[in-house]
Q: 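Can you read through this structure? Questions will come right after.
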Amino acid sequence: MSLPEATEKATIAAGCFWGVEHLFRKQFANKGLIDARVGYVGGDTKSPSYRAVCTGSTGHAEALQVLYDPEKLSYQTLLEFFFKMHDPTTKDRQGGDVGTQYRSAIFTHGPEQEKTATKILEKVQTEWWKKPVSTEIVPAGQWWDAEDYHQLYLNKNPSGYECPAHYIRNFPPLS
């Protein structure tokens with residue numbers, strides 16, 4: 001795949017990665033999203049499998065990594081959507097999915113992303129959710145792609161499982 005020169009990367013975790021990928025692809029198709037992959041990040045197990053991550057013992061989160069064109073799509077827009085499409089107030093949980101692998105997290109790729117993520121988190125906590133947000137903001141470590149059958153899972157399995165906590169909330173624009 002040939003990527004635009006200014007391509008940037010964003011990595012987030014918001015519960016079961018199938019629904020996260022599906023919503024991001026749907027929202028940002030032809031709007032600056034270049035690619036999206038589901039995988040594992042944030043733990044210390046090398047080359048983790050889905051089964052291992054599901055045990056909660058690897059330290060990894062089910063996550064989404066997107067490549068995007070910052071000329072068409074901003075990091076701030078991606079993060080605002082992230083905070084609208086899941087419930088960041090439930091620690092290590094989205095709907096019925098419980099465990100550290102389902103935590104809410106922003107895995108940053110550099111100080112500028114960390115600064116933006118911190119600013120957005122503070123705003124959504126006070127302006128949208130109006131209660132403490134449990135989203136972690138941590139530097140992105142080693143990324144591991146999930147197994148092929150997880151990529152585009154809900155496109156391949158339209159009646160597959162979607163976390164009931166994954167839907168787009170109707171919040172006003174942030175200040």
Q: Just do the side chain to side chain contact (heavy atoms under 4.5 Å, CB included) check on Met85 and Leu23 with the steps written out, would you?
A: CA-CA 8 Å; Met85 59 72 52; Leu23 285 173; 3.7 Å; yes
Q: State, with a plain yes or no, whether a side-chain heavy atom of Tyr68 is found less than 4.5 Å away from one of Leu78.
A: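 Result yes, sub-4.5 Å side-chain heavy-atom pair found.
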Q: Phe83 and side chain to side chain contact (heavy atoms under 4.5 Å, CB included): which partner among Val133, Ile12, Leu174?
A: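 It is Val133, the one option of Val133, Ile12, Leu174 that forms the side chain to side chain contact (heavy atoms under 4.5 Å, CB included) with Phe83.
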Q: Looking at Glu80 and Lys84, does any basic side-chain N land under 4.0 Å from a carboxylate oxygen?
A: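 Salt bridge between Glu80 and Lys84, a charged N being under 4.0 Å from a carboxylate O: no.
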Q: Yes or no on side-chain hydrogen bond (donor to acceptor under 3.5 Å, both in side chains) for Tyr50 and Glu147, after CA distance, side-chain angles and deciding distance?
A: CA-CA 7 Å; Tyr50 178 69; Glu147 298 82 347; over 6 Å; no
Q: Parallel, tilted or perpendicular: which fits the ring planes of Tyr40 and Phe17, with parallel below 30° and perpendicular above 60°?
A: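 The rings of Tyr40 and Phe17 sit tilted, inter-plane angle from 30° to 60°.
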Q: So how far is it from Ile137 CD1 to Ile120 CD1, rounded to the nearest 0.5 Å?
A: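 That separation rounds to 9.5 Å.
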Q: If we only count heavy atoms from C-beta on, is the Gln65 to Val38 side-chain gap below 4.5 Å?
A: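 The answer is no; the side chains never approach within 4.5 Å.
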Q: How close do Val53 and Pro48 get, heavy atom to heavy atom, and via which atoms?
A: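 In terms of heavy atoms, the two residues are closest at CG2-CB, 3.8 Å.
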Q: Closest approach of Tyr149 and Tyr153, non-hydrogen atoms and distance?
A: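 Distance-wise, the nearest heavy atoms are O-CD1, 3.4 Å.
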Q: Drop me the distance from Asn155's CG to Lys26's NZ, to the nearest 0.5 angstrom.
A: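 One finds 10.5 Å between CG of Asn155 and NZ of Lys26.
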Q: Restricting to non-hydrogen atoms, name the atom on Asp69 and the atom on Ile34 that form the minimum distance, rounded to 0.1 Å.
A: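 Answer, listing the atom of Asp69 first, then Ile34: N-CD1, 3.7 Å.
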Q: Using modelled atom types only, decide if a donor and an acceptor are shared between the side chain of Lys123 and the backbone of Lys119 within a distance under 3.5 Å.
A: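 Flag not set: sc Lys123 to bb Lys119 has no pair under 3.5 Å.
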Q: Taking the side chain as everything from C-beta on, heavy atoms only, tell me whether Cys16 gets closer than 4.5 Å to Gln94.
A: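 Contact flag for Cys16/Gln94 side chains = no.
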Q: Closest approach of Gln113 and Phe107, non-hydrogen atoms and distance?
A: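 Taking Gln113 first and Phe107 second, the nearest heavy atoms are OE1-O, 4.3 Å.
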Q: Taking all non-hydrogen atoms of both residues, which atom of Lys46 and which atom of Trp144 are closest, and how far apart?
A: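 Scanning both residues, the minimum pair turns out to be CA-CZ2, 3.7 Å.
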Q: Between Arg37 (side chain only) and Gln151 (backbone N and O only), is there a donor and an acceptor less than 3.5 Å apart?
A: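 No, Arg37 side chain to Gln151 backbone: no donor-acceptor pair under 3.5 Å.
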Q: Checking ring-ring contact (aromatic ring centres under 6.0 Å, His included) for the pair Phe171/Trp128: CA distance, chi angles, key distance, verdict?
A: CA-CA 6 Å; Phe171 289 126; Trp128 288 352; 4.8 Å; yes
Q: For Phe81 and Phe24, I'd like to know if the aromatic rings sit close, meaning centre-to-centre distance below 6.0 Å.
A: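 Between Phe24 and Phe81, which both carry aromatic rings, the centre distance is below 6.0 Å.
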Q: Within 45 degrees of the ring normal and closer than 6.0 Å to the centroid, is that where the cationic atom of Arg169 sits relative to Tyr167?
A: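 Yes, Arg169 sits over the ring of Tyr167.
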Q: Side chain to side chain contact (heavy atoms under 4.5 Å, CB included), that's the test. Do His109 and Thr11 meet it? Break it down for me.
A: CA-CA 8 Å; His109 299 274; Thr11 306; 2.7 Å; yes
Q: Are the side chain of His166 and the backbone of Asp87 linked by a donor-acceptor contact shorter than 3.5 Å?
A: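 Not at all, since once roles are kept as given, no pair shorter than 3.5 Å links the two residues.
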Q: Evaluate the criterion side-chain hydrogen bond (donor to acceptor under 3.5 Å, both in side chains) for residue pair Ser104 and Thr135; output intermediate values, then yes/no.
A: CA-CA 5 Å; Ser104 176; Thr135 304; 2.6 Å; yes
Q: Could you tell me if the side chain of His60 sits less than 4.5 Å from the side chain of Thr45, heavy atoms only?
A: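 Side-chain contact under 4.5 Å: yes.
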Q: State, yes or no, whether a side-chain contact exists between Val66 and Leu33 at a heavy-atom distance under 4.5 Å.
A: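 Side chain of Val66 against side chain of Leu33, heavy atoms only: contact under 4.5 Å found.
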Q: NE2 of His22 to SG of Cys163: how many Å apart, nearest 0.5 Å?
A: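 Atom-to-atom, His22:NE2 and Cys163:SG are 13.5 Å apart.
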Q: For Lys72, does the NZ atom have more than 12 heavy-atom neighbours from other residues, nucleotides or ligands under 6.0 Å away?
A: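 Atom NZ in Lys72 is not packed in, count stays at 12 or less.
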Q: A quick test of your reading: do over 12 heavy atoms of other residues, nucleotides or ligands sit less than 6.0 Å from NZ of Lys156?
A: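 Above 12, so yes.
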Q: Do the ring planes of Trp18 and Tyr161 sit parallel (below 30°), tilted (30 to 60°) or perpendicular (above 60°)?
A: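 Because their plane-to-plane angle is over 60°, the rings of Trp18 and Tyr161 count as perpendicular.
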Q: Could Arg103 and Asp97 be called an ion pair, given the rule that one side-chain N must be under 4.0 Å from one carboxylate O?
A: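 So Arg103 does not pair with Asp97 through a salt bridge.
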Q: Does a sphere of radius 6.0 Å around CD in Glu127 hold more than 12 heavy atoms from other residues, nucleotides or ligands, not counting ones at 6.0 Å or beyond?
A: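 For Glu127, atom CD is crowded (more than 12 foreign heavy atoms under 6.0 Å).
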Q: Just verifying a value: how many Å separate Thr100 OG1 and Lys91 NZ, rounded to the nearest 0.5 Å?
A: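 Output value for this atom pair is 9.0 Å.
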Q: Quick one: CG on Asp92 to CD on Gln101, what's the gap to the nearest 0.5 Å?
A: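 Asp92 CG to Gln101 CD: 8.5 Å, rounded to 0.5 Å.
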Q: Tell me, do Thr77 and Phe28 make a side-chain contact under 4.5 Å, heavy atoms counted?
A: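 With C-beta onward as the side chain, the pair touches.
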Q: Can you find a heavy atom in the side chain of Phe82 that is under 4.5 Å from one in the side chain of Ile106?
A: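 The answer is yes, as the side chains (C-beta and beyond) meet within the 4.5 Å cut-off.
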Q: For Leu79 and Ala117, work out which heavy atoms get closest and say how close.
A: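 Where Leu79 meets Ala117 most closely, the heavy atoms are CD1-CA, 3.6 Å.
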